[in-house]
Amino acid sequence: MTSRWIFGLVFLVCAGLLAVAFYMEHVMGLEPCPLCWLQRFGFMGAGLVSLLAFLHGPKGFGNRIYGFLMVLSAGAGLGVAGRQLWLQSLPEDQVPACGPSVDYMLEVLPWFEVLQTALKGTGDCAAVVWRFMGLSIPGWTVVFFSLVILVGLFVMFRSYQPKNWVNS
């Protein structure tokens, strides 16, 4: 399988995960917390990099660059998902207070303060509102961010040998 098709597959996975997130929000009625929004941006970043790599079809060093950017985006998302899992593991008396919605914060606060507040997490982020096979939403995002990182590392460090098309 060529790197181009690997990047295409990663793009489809990221797009599918974002579709699931929007389905959960708009159909199931689950309101995303600030950390959920940041995790979406992690998948958007990894998906965008993968789409660009698929369209570009890089060779050799270009694969390493795209792989690095994909690992960087997924790594940031993994960090945010880890923070949310940590918040969900806290005892009730240590959970931070609930904060305003992301929409409200974007209307009244500068974007840098919204980002700072979102990274801290709120009581909303500690609530487990959905589970599948024992894992909450951030648990599943940890799984998928980890897979994207592994694929990105594979693309970065795999051997790219030029093919010898001349028959001897």
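Here the structure is a predicted model, which is why all the values come from computation and not from measurement. Values reported hereafter were calculated over all heavy atoms of this structure, with side chains retained and with hydrogens, waters and symmetry mates removed.
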Criterion side-chain contact (heavy atoms from CB on, under 4.5 Å) on L87 and L35, from CA distance to verdict: CA-CA 10 Å; L87 286 171; L35 291 177; 3.7 Å; yes
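- You'll find the ring centres of H56 and Y66 inside the 6.0 Å limit.
- The aromatic ring centres of F145 and F43 sit less than 6.0 Å apart.
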Step-by-step side-chain contact (heavy atoms from CB on, under 4.5 Å) determination, L85 to S136: CA-CA 8 Å; L85 282 176; S136 62; 3.8 Å; yes
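- Closest approach of F154 to I6, counting heavy atoms only: CE2-CD1, 3.7 Å.
- Between the CG atom in L153 and the CD1 atom in I149 there is a gap of 7.5 Å [rounded to 0.5 Å].
- When hydrophobic clusters are built by joining Ile, Leu, Val, Met, Phe, Trp and Tyr residues whose side-chain heavy atoms come closer than 4.5 Å, directly or via intermediates, L9 is not grouped with L18.
- Taking both residues in full, the closest heavy atoms of V155 and N63 are given as CG1-O, 3.6 Å, listed atom of the first, atom of the second, then distance.
- Taking hydrophobic clusters as Ile, Leu, Val, Met, Phe, Trp and Tyr residues chained together by side-chain heavy-atom distances below 4.5 Å, L78 does not share a cluster with L150.
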Stepwise side-chain contact (heavy atoms from CB on, under 4.5 Å) check, M24 with I137: CA-CA 10 Å; M24 292 175 135; I137 296 171; 4.1 Å; yes
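- Both M70 and W5 are members of a single hydrophobic cluster when ILVMFWY side chains are connected at heavy-atom separations under 4.5 Å.
- Between R158 and S3, the closest heavy-atom pair is NH1-OG, 3.3 Å.
- Shortest non-hydrogen contact noted between C14 and A46 is SG-CB, 4.1 Å.
- For the pair C36 and Q84, the tightest heavy-atom approach, listed with the atom from each and the gap, is SG-NE2, 3.8 Å.
- Relative to the six-membered ring of F22, R40 meets both conditions, a distance below 6.0 Å and an angle of at most 45° to the axis.
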